[in-house]
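Every chain is numbered from 1, with letters handed out A, B, ... down the list of sequences. Keep in mind the model is a prediction, meaning the values are calculated, not measured.
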Amino acid sequence: MRLSKYFVPTRKEVPAEAETPSHRLMLRAGMIRQHAAGVYSILPLGWKVITNIMNLVREEMDAIGCFEFFLPALSPSELWVKSGRWETFGDDMFRLRDRKGREMCLAPTHEEVFTEIAANHIQSYRDLPQMWYQIQTKFRDEVRPRSGVLRIRQFLMKDAYSFDCDAAGLDENYRLQREAYLKIFQRAGLEVKIVRASSGAMGGGDCEEFMVLSDSGDDEIVNCPSCGYAANQEVAESCAEKVSGPKGDLKKVHTPGKRTIEEVSGFLEVEPSKLVKSLVYIGNDSKVFALVRGDHQVDEGKLEAAVGECRPAEPHEVKELTGAKIGFVSPVGIDNVTVIADTVLEGATGLVAGANEDDYHFTGVDIERDINIDRFTSLRAVQSGEPCIQCQKPLKVSRAIEVGHIFKLGTRYAEALGAYFLDENGISKPIIMGSYGIGIERIMACAIETYCDDTSMVWPWEITPFLVEIIPLNVTHVQSVEIAEDLYETLRQKGIPVLLDDRNDRAGVKFKDADLFGSPVYVVIGERNLKEGMVELRLRDRNEIEKVSVADITSRVLNVCEKNG
RNA sequence: CGGGGUGUAGCGCAGCCCGGUUAGCGCGCAUGCUUCGGGAGCAUGAGGCCGUGAGUUCAAAUCUCACCACCCCGACCA
């Protein structure tokens, strides 16, 4: 590609709002432009990266016998009503009506559509197993799109689905996908952690997420450097220490104006860990007290897993329920509520909790004696340093970006949409399914996040838009141009993606732009080195610069490309 | 939806508190000369319904109200 003819609108500055490194760099490098919240155009340079990622994904999917489809983004409501997700997707789904008033949506995912095809065409165990995939645009009306392309409302997803007769078949296809995912991410230059996760809106059984550690991520994962335990915070567990104060009688004490854990703890001279944090949530048909240790946080994902959908109560609702303001409440002496307590509180005594009267707390609270607990379960957000549930060594909590997610769906969609087959004995059974997703744009963003600094990036070899950038510093210098053109033509004929900066610009401009384009190899052709018959070869991913004679440069570059490509 | 913030030239921002000439600055763009190994210098020039709509006022980018959009922090997902 000749840069003088190409369309890459680079920028010196980007809006202050763009904070995430990948977002800033993609804007500066002229790879994306925004139209609305979470809606972006991908420009030619960015599209090359996306295309490379898609092809890489295709190769690995094809290699495990997964067949590529292309399904519609538009989808009739009936399908989703059958699966129950017309309801459960709620406001996350983009909905519309056609001219006849028929309800449709822009598909947020494609379980229903693929399952319908399976239902219509798979009849016998002889037709199974199958694995199908597509790369399609998905639409999700995210509550909060953010961080450039990391969380958007229209995005590309590779979604694959497996169809099997039995659990063993599902396990095998799940394993194949899992292995393929590891190859894909490795080839894309990403270091991923596989973590246990919750299946959320997809429904179904086991699932794992593929996470890239990054401060720009909006997931939290817990992992153990010693034994390899790894889980999303929403399902992570740890062995936090049980804490009890001295046993004693329940006593009401005056705590004027002391509402927060810190205030009460300071005022009564009791460590925060010996306080009970009581949070009130409103569920669909119940009021819920969630209890954790004073120095812990409730993880709402875990809470919802325990009690179903719920939201924090408004102050007036807390007042109606307990008679006290937030800060002075607890389930002590309160009936008709569900009380869920974190496991670490099991058997604890000598604690401090709200007295359900403004400006008063109880001391000497004995969890099991004084509170009618419905269930102990893991409710707390795991904190760095807590002992691992498997090996007791300290855990680490990190931010991460989810780039892939694989599920064992089971028979939920097959049953809802009538995807049954006849087994060897002529008995009708639902097809057992799995579902496997990869976020295409997220791979691009993660690669940048991994290999960038403030002003530049270096693409991993397999997804780079251009492998080699040739930079003749002065295009009015005849010899420079001749060498550059020569090398450019040779590389092009060898099929190497090469970018030639043939613009009549100053060296500084060319270098700055090149650093944004992110090619892992530069060939810099300048008069200074040419006087000695040399040009400069930069291997950016290795941070190496070498001088190579004009005579050798072509073979040297070909050699480098061969070794890495 | 809750909390915080922003909307002024293609891009990045100042001006707004405390209303008052022709609305500024930097980048970019156009033309010319000089420069030429890390976003050059000088000169000249083009480019604005000051987010939208109401209101207050002799007078509104500036004050008031409403709306819209976008960003950031919290609950969802690839």
Side-chain angles (χ1 to χ4, degrees), chain A residues 9-20 23 27-28 30 33-39 57 88-92 108-110 135-160 181 197-202 207 209-212 217-219 232 234 281 297-301 303-304 309-312 314 401-407 435-446 455-456 471-477 480 504-516 522 524-530 535-536:
Chain A
T10 56
R11 291 246 130 101
K12 280 192 192 179
E13 292 172 305
V14 292
E17 291 108 50
E19 292 183 343
T20 320
H23 188 193
L27 287 171
R28 290 199 51 201
R33 288 294 181 262
Q34 181 178 31
H35 301 287
V39 179
V57 168
T88 54
F89 254 107
D91 289 338
D92 285 351
T109 172
H110 282 82
I135 296 174
Q136 238 293 14
T137 303
K138 310 293 186 194
F139 297 87
R140 294 187 191 169
D141 196 355
E142 287 287 339
V143 196
R144 182 152 106 74
R146 70 182 107 175
S147 305
V149 106
L150 276 179
R151 181 185 214 74
I152 46 188
R153 296 196 292 174
Q154 171 178 345
F155 60 97
L156 286 166
M157 179 159 98
K158 185 286 305 183
D159 48 323
Y181 273 38
S198 107
S199 51
M202 294 298 163
C207 73
E209 291 171 335
F210 293 73
M211 302 294 229
V212 176
D218 43 24
D219 266 290
N232 192 303
E234 66 199 5
Y281 285 84
Q297 301 291 326
V298 167
D299 181 274
E300 294 188 357
L303 180 63
E304 293 208 347
E309 212 175 303
C310 58
R311 60 165 174 87
E314 302 288 336
I401 299 165
E402 181 188 354
V403 290
H405 202 157
I406 55 180
F407 302 85
S435 141
Y436 316 91
I438 286 182
I440 303 293
E441 290 94 337
R442 280 190 183 176
I443 292 183
M444 168 161 75
C446 282
T455 57
S456 75
I471 309 174
L473 293 173
N474 178 2
V475 295
T476 62
H477 183 247
S480 297
N504 186 9
D505 257 310
R506 301 169 59 83
V509 174
K510 295 188 176 205
F511 282 125
K512 292 289 182 193
D513 274 352
D515 290 348
L516 288 171
Y522 290 175
V524 182
I525 301 165
E527 291 172 74
R528 203 173 64 197
N529 283 324
L530 276 182
V535 297
E536 193 175 282

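- Two residues are said to be in side-chain contact when any heavy atoms from C-beta on lie closer than 4.5 Å; A:R528 and A:L473 fail this criterion.
- Distance A:E19 CD to B:U6 P: 14 Å, rounded to the nearest Å.
- What separates NE2 of A:H23 from P of B:C72 is a distance of 7 Å, to the nearest Å.
- A donor-acceptor pair under 3.5 Å is absent between the side-chain atoms of A:Y181 and the main chain of A:H405, judged by distance alone.
- Across B:G37, B:C72, B:G10, the shortest atom-to-atom separation from the side chain of A:R144 is found for B:C72.
- Comparing atom distances between the A:V509 side chain and each of B:G37, B:A40, B:C73 picks out B:A40 as nearest.
- Remark: B:G74 base-pairs with B:C1; criterion is Watson-Crick or G-U wobble with both hydrogen-bond distances under 3.5 Å.
- The nucleotide whose nearest atom lies closest to any side-chain atom of A:V143 is, among B:A75, B:G37, B:C77, B:A75.
- Annotation: side-chain contact (heavy atoms from CB on, under 4.5 Å) contacts of A:K512 (sequence neighbours excluded): none.
- Donor-acceptor pairing under 3.5 Å, judged by distance alone, is absent between the side chain of A:E17 and the base of B:G5.
- Partner assigned to B:A59 is none, using Watson-Crick or G-U wobble distances below 3.5 angstrom.
- Between A:R146 and the phosphate of B:C71, there is no side-chain N or O to OP1/OP2 separation shorter than 4.0 Å.
- With a cut-off of 3.5 Å on both pairing distances, B:G48 has no Watson-Crick or G-U wobble partner at all.
- A donor-acceptor pair under 3.5 Å links the side-chain atoms of A:K510 to the main chain of A:P472, judged by distance alone.
- In this structure, A:Q154 contributes its side chain and A:G38 its backbone to no donor-acceptor pair below 3.5 Å.
- Residue contacts for A:L156: at a heavy-atom cut-off of 4.0 Å it reaches no nucleic acid atom on any strand shown.
- Between A:R506 and B:G39 there is no side-chain polar atom (N or O) within less than 4.0 angstrom of OP1 or OP2.
- Both A:G301 and A:P145 sit near RNA chain B, but only A:P145 has its closest nucleotide nearer the 5' end.
- Candidate nucleotides B:C70, B:G38, B:A78 were compared by shortest atom distance to the side chain of A:A37, and B:C70 ranks first.
- Among the protein residues, A:P312 comes within range of no part of the nucleic acid, since none of its heavy atoms lies under 4.0 Å from any strand.
- Within the nucleic acid shown, A:D159 has no heavy atom closer than 4.0 Å to any nucleic acid atom.
- Following rounding to the nearest Å, A:L516 (CG) and B:G38 (P) show an atom-to-atom distance of 17 Å.
- Residue A:L473 is the one, among A:E402 and A:L473, whose nearest nucleotide of RNA chain B lies closer to the 5' end (criterion: closest heavy atom).
- A:N474 contributes no side-chain N or O that forms a donor-acceptor pair with the base of B:G37 under 3.5 Å.
- A:Q34 comes within 4.0 angstrom of the backbone, heavy atoms only, and of no base.
- Counting only heavy atoms from C-beta outward, the side chains of A:L27 and A:R33 approach each other to under 4.5 Å.
- The CG-P distance, from A:L530 to B:C36, rounds to 17 Å in whole Å.
- Nucleotide B:G74 holds its C1' atom 14 Å from the CD atom of A:E142, rounded to whole Å.
- Among the atoms of the strands shown, only primed sugar atoms or phosphate atoms (P, OP1, OP2) are found under 4.0 Å from some heavy atom of A:S147.
- For B:A43, the paired base is B:U31 (Watson-Crick or G-U wobble, both distances below 3.5 Å).
- For B:A23, there is no paired base (Watson-Crick or G-U wobble, both distances below 3.5 Å).
- Residue A:E304 contributes atom CD, which lies 8 Å from atom C1' of B:A75 at whole-angstrom precision.
- Look at B:C36: it lacks any Watson-Crick or wobble partner with both distances under 3.5 angstrom.
- Counting distance only, with no hydrogens placed and no angle test, the side-chain atoms of A:R153 and the base atoms of B:C77 include no donor-acceptor pair under 3.5 Å.
- Residue contacts for A:A18: at a heavy-atom cut-off of 4.0 Å it reaches no nucleic acid atom on any strand shown.
- Applying the 3.5 Å distance criterion, the base of B:G39 shares no donor-acceptor pair with the side chain of A:D505.
- For the C1' atom pair drawn from B:G3 and B:U8, the interatomic distance equals 27 Å after rounding to whole Å.
- Under the Watson-Crick or G-U wobble criterion, with both distances below 3.5 Å, B:C65 is paired with B:G53.
- A donor-acceptor pair shorter than 3.5 Å cannot be found between the side chains of A:T20 and A:H23.
- Within the shown strands, nothing qualifies as a pairing partner of B:C16 under the Watson-Crick or G-U definition with both distances less than 3.5 Å.
- The separation between A:D141 atom CG and B:C1 atom P is 12 Å, rounded to whole Å.
- Taking atom CG on A:D92 and atom C1' on B:C1, their separation rounds to 13 Å, with Å as the unit.
- With hydrogens and angles left out, the side chain of A:D219 and the base of B:C77 share a donor-acceptor pair within 3.5 Å.
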For nucleotides 27-29 of chain B, list the nitrogen or oxygen atoms of the protein found under 3.5 Å from its nitrogen or oxygen atoms, one pair per line.
| residue | atom | partner | partner atom | Å |
| --- | --- | --- | --- | --- |
| B:C27 | O3' | A:K12 | NZ | 3.4 |

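- Here A:Q136 does not reach the OP1 or OP2 of B:A78: none of its side-chain N or O atoms lies under 4.0 Å away.
- Between the side chain of A:Q34 and the backbone N or O of A:A36 there is at least one donor-acceptor pair closer than 3.5 Å.
- With sequence neighbours excluded, the residues satisfying side-chain hydrogen bond (donor to acceptor under 3.5 Å, both in side chains) with A:R153 are A:D141.
- Across all strands, A:R33 comes closer than 4.0 Å to no nucleic acid atom at all (heavy-atom distances).
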